[in-house]
Amino acid sequence: MHDIRTIRDNPAAFDAALSRRGLEPQSSSILAIDEARRAKILAAETAQAEANKAAKEVGAAKGRGDDAEFERLRALVGEKKAEIARLNDEAKAEDARLTDLLMGLPNLPHDDIPDGADENDNVEIHQHGAIPNFAFDPVEHFEIAGVKDGMDFETAAKLSGSRFVLLSGSVARLHRALAQFMLDMHTEEHGLTETATPVLVREEMMYGTGQLPKFGEDSYQTTNGWWLIPTAEVTLTNIVNGLTLEESYLPRRYVAHTLCFRSEAGSAGRDTSGMLRQHQFEKVEMVSIVRPEDSAAEHQRMTECAQNILEKLGLTYRTVVLCTGDLGAGMRKTHDIEVWLPGQNAYREISSVSLAGDYQARRMNARYKPAEGGKPQFVNTLNGSGVAIGRCLIAVLENGQQEDGSVDLPTALHPYLRGKTRITPAGELE
RNA sequence: GGAUCGGUGGCCGAGUGGUCGAAGGCGCACGCCUGGAAAGUGUGUAGGCGGGAGACCGUCUCCAGGGUUCGAAUCCCUGUCGAUCCGCCA
């Protein structure tokens, strides 16, 4: 959702920003609708003002006992009614046209992100760790001897179908340990507020964060209308839906560990082996609610929170800033953090940290009252994974694998495994 | 699932047909009081949209949508959300 006044003030800048997304100029048609809309509003309100004035005088006429005037005014108000209704309908129609148009357009990309067509044009901005050298050919996570028994895709397929997994034993334990580790890091070292949220939400919330109306195909809905969240961004961000906050309340920084559900409708055939892409997975998600002037710094801060998790786990990663062609519709700037997976011999996305500006805040009507007074302003929202647990599990397993099929586990996780340090080739924790 | 009661400003809460954008309180802002603070005290304090250079003016908003009426926060209908009790259940 865009601010019509910003477009009015500087249509050229608006078109220039959209053109970076490969879109045709929109401002002239937007402004034409806006002008028509304002003319209709003015007409409707003028008619309404006349009717209101007459209605007010009706009572006075009655009080004076001026029956002739009373009847005349009554008739006048009655006549105006139809005209007002018609003008109002026309004004509403123009307003709806404008809203639909503004809602349907993607967010404006941030000035400092690169132009580009697709993911190949993303730009690396940070890299940590060396590409590990193995004295043997590293395998994918599900091929590691010590992992095979604890990562059961066949039983999961029986239970639920493809793109599900049943974890058991030491793998399930490691999976749980990762979630605990991440939450502790974020709450105790990064200052985020731990939150446990619903995973079923009202449709309205999916509009608030922008999953709807365009991307309903990607998510699941229950028979009675709830949506299963594709990410805790939905619940955490919508905490401030409809609120007017005191400025002193900001910044607000949340973290939650939740299940996430995605239909993966558009990714048939991609990443079908292993647990890289599942219909149901767990993720630790961070969301910040900040003043607009703080959003760029907050974006960097959140990126570092996610990076810190990977560093503590001894993983190699790189951070890229998405180019205009790869940027999500609702976002102004996104950092993807990609972890090195030896089994795939590639970097794969493990976290995505995004700055939405006021795009979501406008949809949610989430504002704050400036401390120095003045009109309420829209907040800025940011979200980022900190990080995807299933993918992190993959990374830990593939990077820790040994030639004998065992897995050495990162020191940071040892306390969460009651001192256990490795998975044996037979799949035992020891 | 059954029954009942509700939805009013940033928050709480009065208000059952016009004088209501709406008492009172909280919160917040500024002032007084104070050595300084607390307490006390005074004043102010909704949002959206439109017009206007501006002062300011108009219009809408008491969950949403319809209806009754010259006139609706108030009456009627529908929807929606919430609470409580009962039943069922982890």
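Only a predicted model underlies this, so the values are computations on that prediction, with no experimental measurement involved. Each chain gets a letter, A, B and so on, in the order the sequences are listed, and its residues count up from 1.
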Between B/G44 and B/C49 - C1' atom distance, rounded Å: 25 Å
query: Any chance the side chains of A/Glu298 and A/Ser295 put a donor and an acceptor closer than 3.5 Å?
result: no
task: Would you mind reading off the distance between A/Asn365 atom CG and B/G48 atom P, rounded to a whole angstrom?
output: 9 Å
message: Whether the A/Asp336 and A/Ser352 side chains hold a donor-acceptor pair (N or O, under 3.5 Å, no angle test) is what I'd like checked.
response: yes
- prompt: Between atom CD in A/Glu50 and atom C1' in B/G71, what is the gap in whole Å?
  reply: 17 Å
field: Nearest-Å distance once atom P is located in both B/C12 and B/G7
entry: 12 Å
field: Strand partner of B/G27, provided both Watson-Crick or wobble distances fall under 3.5 Å
entry: B/U45
message: Judged by each residue's nearest nucleotide on RNA chain B, which is more toward the 5′ side, A/Ile4 or A/Arg202?
response: A/Ile4
message: Counting only Watson-Crick pairs (N1-N3 plus N6-O4 or O6-N4) and G-U wobbles (N1-O2, O6-N3), all under 3.5 Å, who is the partner of B/A90?
response: none
task: Please state the P separation for the pair B/C30 and B/G66 - nearest whole angstrom.
output: 43 Å
message: From C-beta outward on A/Leu42, which listed nucleotide comes closest to its side chain: B/G10, B/G51, B/U59?
response: B/G51
query: Between A/Asn88 (CG) and B/C60 (C1'), how many Å, whole number?
result: 9 Å
message: Applying the Watson-Crick and G-U wobble criteria at under 3.5 Å, what pairs with B/G21? Answer none if nothing qualifies.
response: none
task: Respond yes when some side-chain nitrogen or oxygen of A/Arg5 is under 4.0 Å from OP1 or OP2 of B/C49, and no when none is.
output: yes
- prompt: For the pair made of CG in A/Asp95 and C1' in B/G50, what is the distance, rounded to whole Å?
  reply: 11 Å
message: Looking at B/G10, I'd like to know if its phosphate oxygens (OP1 or OP2) sit under 4.0 Å from a side-chain N or O belonging to A/Arg367.
response: no
query: Would you say the side chains of A/His414 and A/Thr421 form a donor-acceptor pair under 3.5 Å?
result: no
task: Describe, in one word, how the ring planes of A/Phe164 and A/His279 are oriented to each other, choosing from parallel (under 30°), tilted (30 to 60°) and perpendicular (over 60°).
output: tilted
Sugar-phosphate, base or nothing in reach of A/Arg8, heavy atoms under 4.0 Å: sugar-phosphate
- request: Report yes or no: is the cationic atom of A/Arg362 (NZ for Lys, CZ for Arg) under 6.0 Å from the centre of the six-membered ring of A/Tyr359, at an angle within 45° of the ring normal?
  value: no
query: Does the side chain of A/Tyr317 pick up a donor-acceptor pair with the side chain of A/Glu311 at under 3.5 Å?
result: yes
- request: Using the P atom on both, measure B/U61 against B/A22 and round to a whole Å.
  value: 14 Å
task: Scan every strand shown for a Watson-Crick or G-U wobble partner of B/C85, both distances under 3.5 Å, and answer none if you come up empty.
output: B/G2
query: Given the P atoms of B/C26 and B/U41, what is the spacing between them in whole Å?
result: 9 Å
query: Quick one: does A/Glu45 reach the base of B/G58 with a side-chain donor-acceptor pair under 3.5 Å?
result: yes
- request: Could you let me know what B/G36 is paired to, Watson-Crick or G-U wobble, both distances under 3.5 Å, or none if it's on its own?
  value: none
- prompt: Using atom P of each nucleotide, how far apart are B/G52 and B/G47 to the nearest Å?
  reply: 22 Å
query: What is the base-pairing partner of B/C56, counting Watson-Crick and G-U wobble geometry with both distances under 3.5 Å?
result: B/G51
message: With a cut-off of less than 4.0 Å, is there a side-chain N or O of A/Gln48 near OP1 or OP2 of B/C60?
response: yes
message: What's the gap between B/G21 and B/C60 when it is taken at their C1' atoms, as a whole Å value?
response: 11 Å
- prompt: How close or far is atom P of B/G58 from atom CD1 of A/Ile84, stated in whole angstroms?
  reply: 16 Å
query: Side chains of A/Lys333 and A/Ser354: do they bring a donor and an acceptor to under 3.5 Å?
result: no
query: Just how far, in rounded Å, is C1' of B/C60 from NZ of A/Lys40?
result: 19 Å
query: Between A/Met364 (CE) and B/G48 (P), how many Å, whole number?
result: 17 Å
task: Respond yes when some side-chain nitrogen or oxygen of A/Lys375 is under 4.0 Å from OP1 or OP2 of B/A46, and no when none is.
output: no
field: Short side-chain N/O contact to B/G52 OP1/OP2 from A/Arg38, under 4.0 Å
entry: no
Side chain of A/Lys92 (C-beta onward), nearest among B/G50, B/G10, B/G66: B/G66
field: Spacing of the P atoms in B/U43 and B/A23 (rounded, Å)
entry: 15 Å
task: Figure out the CG/P separation between A/Leu102 and B/G48, and round it to whole Å.
output: 17 Å
